[in-house]
Amino acid sequence: MVFLKLLENIRCKTDEILDAKNYGSVQFSVESAKPGFGDITCNVPFLLSKQLKKSPQEISAELSKMYNFDDMLEIKNVQSHASGYLNFNIDYTKFNDLVISSSLQENYGALEFGNNEKIVVEHTSVNPNKALHVGHIRNIILGDVVSKILKKANYNVKVLNYVDDSGLQVADIIVGFTELGFSQESPDNQKFDHYCGDTVYVKTTEKYESDKELEGKRHEILKQIEDSSSEVSKIAQTITRKVLDAQLKTVWNLGVFYDCLNFESQIIHSKLWETIFEKLKSDNQIKYEDEGDNAGCWVIPAEGEDDKILVRSNGVATYIAKDIPYAAWKLGLVQDPFHYKIHSTQKNSQTLYETTLEGDNKLNFSGSKVITVIDNRQIRLQKIVSGLMAKFKEEGAYTHLGYESVTLSADTVKSLGLSVDGESAQMSGRKGLYVNADTVLETLTKRVYDESKSRNENLSESELQNIANIVAVGTIRYEMIKPDLDKIITFDLKNSLRLEGDTCSYIQYSYARASRILEKTDVKPNFDSGCELLSSEYEKNLIKKIAMFDVHVNDSVNNLSPKVIAKYSYELAVTFSSFYEHVKVLASETTELLNARLCLVVSFQKTLKASLGLLGIDAPERM
RNA sequence: GGGUUCAUAGCUCAGCAUGGAUAGAGCGAUUGCUUGCGGAGCAAUAGGUCGGGGGUUCGAAUCCCUUUGGGCCCGCCA
């Protein structure tokens, strides 16, 4: 901890002063100041103003005299500003070495407060009947980045992917295979998930329009899928496994990995639902309706809203009855009915497990806290689930991390050969109205490859491929992370190919430039001393930005907000770019200054790499 | 109809949680900067009644109420 510690120390000092003055306790803030107002600022004079019946300026002037920084050499002084703020100035001759040496440490920016507590993050959870589209990508990337940020804050994170292999969407493609005679092999080596989604799913649901008898079959097929002894169930299992494997290839290409896959069909067969149903009944969390519209149903009472039906009058459980046992299982509230077997070894060589009802391999994928990443259209359902979980465990143990959906711009819809009213359209798998994730990644990779090749004549084919991949993946990830969670992303194919301005490639470019500096000198930076020589505005700004990494990690963990790190990465890159332009490192006047600046460049690189790492983005040496 | 969410520069968005100093970026527009560590860059100019109205406060883009306009959700479907 560097900057957080500094803020904390100033806070303590301020508290002591308030104590000595008998001013009581006040909830004041100590935070990084805007440019032109010192380095760190405190608003306590404003908050005391009323109580003391003095102007903030007077209080500020009075308090500023009471600080003593003899035991805190990184702070040069405190100034009472005419506005009333207390503005603290950093002594960079002391601060530089501290920041630069800290940034070299292995886990720079890491925080302790997770205490290695086990936390489960579930994301992706796409029906295995189609390929992943750009909307799913937002979910996957958010989930992945949240899990990385939690790890940075010392949580023991387990990442799960729920595979809904027994829903109507799966039944729809099975209808296509068994009733409409679609081949179970994809033509022309087409990726199997694309074939199922783009052809079988779209064509089958289209046929429902004209063939109502066929539409009736889907429920029949669904029933058979749930009966594990049936022939249809075996076909469904083969098909969904193949689709899932194809989906996982896409996910791995984006640098996302899981610990365990949970199959819905197994949750159904595990009788977990029956267990939790009894528990809900005995705990009086649900009630049986004797009369009214819902007569004969078991319902979850909801405050201020209509009760949610849990079990129909015919005894069949509703959709939400699948989410509840799963949520309870994730929180470890029920005895684990599953065993675990290896599904595969992922691209990063991490083992991926899956649930099974046979065997004897016991592992534990539950956590004392659970974060479920699902888009905001499911917020109502998720509220009911988290409300129930709060009855069994403390409030907040189950968190729904929601976000707005991804829509397609009118231009992009037109490029798919479809029409649209208005400026954007919701994606729809049935209508074929979506852009596949693989397509975006391929298009972007090609674009970056061409760009990189035109700039680097001497790079080998494999180096160019590698750069194209790193930048393309980074670009997709960055665009998904950067906007606020409750902002709709309107995806536009053309716009997503931008590589200038506030983009991932701008950030990565700053890293590559830093590498060039280090490459062009024989001097090996010596970090032992001398960094106090860095005294220009550009150098100090960069050091301060590097120091503030922990502040932003802290912020992003507390608010489960990935975008904070995206913003920080960009700001860090901007600060470096300005330094790069104005301070010619290799033209430094003295060897001492050259050394100090090289240290700063290395420090910047380490920090940017760590920050991008939290976003799952690689930093290329060249591009 | 009920609920929820969004509205900040021509466009796309930060800032809002925890009220405070001069509301920040990118794109687009205009202009300047490469015999110099990579121009995917830097520097600058223009562009804002923070949707409207009211309130709380010494102080509101930020909190509360209201209103307008958009999105999403609201089945004994999944």
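Throughout, protein chains are lettered first and strands after them, A, B, ... in sequence-line order, and every chain is numbered starting at 1. As a basis for the values below, the full set of heavy atoms in this structure was taken, side chains included, without hydrogen atoms, waters or symmetry mates.
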Legend entry - Complementary nucleotide for G69(B) - Watson-Crick or wobble, under 3.5 Å: C6(B)
Inset, instruction - Output yes when at least one side-chain N/O atom of R513(A) is less than 4.0 Å from OP1 or OP2 of G39(B), else no. - result: yes
Inset, instruction - Measure from CD on E581(A) to C1' on A44(B) and round the result to the nearest Å. - result: 14 Å
Inset, instruction - Would you indicate what N294(A) reaches in the nucleic acid, counting non-hydrogen atoms under 4.0 angstrom: base, sugar-phosphate, or nothing? - result: base
Inset, instruction - Please confirm whether R11(A) makes a cation-pi placement over F28(A), using NZ or CZ under 6.0 Å from the six-membered ring centre and within 45° of the ring normal. - result: yes
Legend entry - Identity of whatever pairs with U62(B) - Watson-Crick or G-U, under 3.5 angstrom: none
Inset, instruction - Please lay out, stage by stage, how Y511(A) and F604(A) fare under the test ring pair (Phe, Tyr, Trp, His ring centres under 6.0 Å). - result: CA-CA 8 Å; Y511(A) 185 91; F604(A) 158 75; 7.2 Å; no
Inset, instruction - Starting at atom OH of Y580(A), determine the distance to atom P of U34(B), rounded to an integer number of angstrom. - result: 15 Å
Legend entry - Protein-nucleotide distance (D502(A), atom CG; G41(B), atom C1'), rounded to Å: 15 Å
Legend entry - Value rounded to 0.5 Å, distance of OG1 in T590(A) from CG in N595(A): 9.5 Å
Legend entry - Mate of C42(B) where both pairing distances stay under 3.5 Å, Watson-Crick or G-U: G32(B)
Inset, instruction - For Q169(A) and C77(B), give me the distance from atom CD to atom P, rounded to whole Å. - result: 17 Å
Inset, instruction - From the options C37(B), C6(B), G38(B), select the nucleotide whose nearest atom is closest to the side chain of K487(A). - result: C6(B)
Legend entry - Distance between P atoms of G52(B) and G69(B) (Å, rounded): 15 Å
Inset, instruction - Using a 4.0 Å heavy-atom cut-off across all strands, classify E451(A) as base, sugar-phosphate, or nothing. - result: base
Legend entry - Nearest-angstrom distance, C1' atom, A25(B) to C37(B): 26 Å
Legend entry - Proximal nucleotide (of G39(B), A21(B), A43(B)) relative to the S578(A) side chain: A43(B)
Legend entry - Nearest-nucleotide 5' precedence on RNA chain B, E621(A) against F46(A): F46(A)
Legend entry - No-H, no-angle donor-acceptor pair, N87(A) side chain to A21(B) base, under 3.5 Å: yes
Inset, instruction - Report yes if at least one side-chain N or O of R312(A) is closer than 4.0 Å to OP1 or OP2 of C77(B); otherwise report no. - result: yes
Legend entry - Options U5(B), G41(B), G26(B), nucleotide nearest the side-chain atoms of D486(A): U5(B)
Inset, instruction - Would you indicate what K482(A) reaches in the nucleic acid, counting non-hydrogen atoms under 4.0 angstrom: base, sugar-phosphate, or nothing? - result: nothing
Inset, instruction - Confirm from the modelled atom types if T41(A) and A21(B) form a donor-acceptor pair under 3.5 Å, side chain to base only. - result: yes
Legend entry - Which nucleotide in C37(B), G38(B), G3(B) has an atom nearest any side-chain atom of V585(A): C37(B)
Legend entry - Chi-angle category of U34(B) [syn within 90° of 0, anti beyond]: syn
Inset, instruction - Identify which nucleotide among C42(B), U57(B), A14(B) has an atom closest to any side-chain atom of Y506(A), counting heavy atoms from C-beta outward. - result: C42(B)
Inset, instruction - Have a look at I488(A) and say if it touches a base, only the backbone sugar-phosphate, or nothing, with a 4.0 Å heavy-atom cut-off. - result: sugar-phosphate
Legend entry - Main-chain N/O of V523(A) paired to T521(A) side chain as donor or acceptor, under 3.5 Å: yes
Inset, instruction - Take atom C1' in A9(B) and the same atom in G48(B), then report the distance between them in whole Å. - result: 5 Å
Legend entry - Nearest-nucleotide comparison on RNA chain B, the residue closer to the 5′ end among S49(A) and R377(A): S49(A)
Legend entry - Residue-phosphate contact under 4.0 Å: K50(A) side-chain N/O, U57(B) OP1/OP2: no
Legend entry - Under-4.0 Å side-chain N/O to phosphate OP1/OP2 contact, S55(A) with C58(B): no
Inset, instruction - Looking at every strand, decide which applies to A295(A) at a 4.0 Å heavy-atom threshold: base, sugar-phosphate, or nothing. - result: base
Inset, instruction - Quote, to the nearest angstrom, the P distance that separates C42(B) from G28(B). - result: 13 Å
Legend entry - Protein-nucleotide distance (N558(A), atom CG; C16(B), atom P), rounded to Å: 14 Å
Inset, instruction - Would you mind classifying the nucleic acid contact of S505(A) as base, sugar-phosphate or nothing, using non-hydrogen atoms under 4.0 angstrom? - result: base
Inset, instruction - Tell me which nucleotide among A78(B), G38(B), A14(B) gets nearest to the side chain of D484(A). - result: A14(B)
Inset, instruction - Could you tell me whether V583(A) contacts a base, only the sugar-phosphate backbone, or nothing, with contacts defined as non-hydrogen atoms closer than 4.0 Å? - result: base
Legend entry - Results of ring pair (Phe, Tyr, Trp, His ring centres under 6.0 Å) for F277(A) - residues two or more places apart only: W273(A), W298(A)
Legend entry - Residue matched to G1(B) through Watson-Crick or wobble contacts both under 3.5 angstrom: C74(B)
Legend entry - Atom pair NE2 (H552(A)) and OG (S561(A)), whose distance is rounded to the nearest 0.5 Å: 11.0 Å
Inset, instruction - Could you give the distance separating A7(B) and C50(B) at their C1' atoms, to the nearest angstrom? - result: 10 Å
Legend entry - Nucleotide U12(B), atom C1' - distance to NZ of K563(A) in whole Å: 15 Å
Legend entry - Pairwise C1' distance, G15(B) and A23(B) [rounded to whole Å]: 8 Å
Legend entry - Atom-pair distance (NE2 on H582(A); P on G41(B)), nearest Å: 15 Å
Legend entry - K567(A) side-chain N/O to A14(B) phosphate OP1/OP2 under 4.0 Å: no
Inset, instruction - Output the single nucleotide from A78(B), G38(B), G26(B) whose closest atom is nearest the side chain of Y570(A). - result: G26(B)
Inset, instruction - Kindly check if the number of other-residue, nucleotide or ligand heavy atoms within 6.0 Å of NZ (K606(A)) is above 12? - result: no
Legend entry - Out of G38(B), U5(B), A14(B), whichever nucleotide has its closest atom nearest the side chain of Y509(A): G38(B)
Legend entry - Whole-angstrom distance between U57(B) and U45(B), as gauged at atom C1': 38 Å
Legend entry - Nearest-angstrom distance from the residue atom NZ of K383(A) to C1' of U5(B): 10 Å
Legend entry - Intermediate values then yes/no, side-chain hydrogen bond (donor to acceptor under 3.5 Å, both in side chains), Q57(A) and S60(A): CA-CA 5 Å; Q57(A) 291 87 329; S60(A) 174; over 6 Å; no
Legend entry - Closest to side chain of F37(A), choosing from U22(B), C72(B), G41(B): U22(B)
Inset, instruction - State which of C42(B), G2(B), G38(B) makes the closest approach to the side chain of N456(A). - result: G38(B)
Inset, instruction - Look at the rings of Y506(A) and Y570(A) and say which category their plane angle falls in: under 30° parallel, 30 to 60° tilted, over 60° perpendicular. - result: tilted
Legend entry - Touch class at under 4.0 angstrom, heavy-atom based, for D172(A) against every strand present: nothing
Inset, instruction - Indicate, with a heavy-atom threshold strictly under 4.0 Å, whether L499(A) touches base, sugar-phosphate, or nothing. - result: base
Inset, instruction - For nucleotides C27(B) and C65(B), find the distance between their C1' atoms and express it as a whole number of Å. - result: 37 Å
Inset, instruction - With a 3.5 angstrom cut-off on both distances, give the Watson-Crick or G-U wobble partner of U22(B), or none if there isn't one. - result: none
Legend entry - Heavy atoms of other groups near E621(A) CD, more than 12 under 6.0 Å: yes
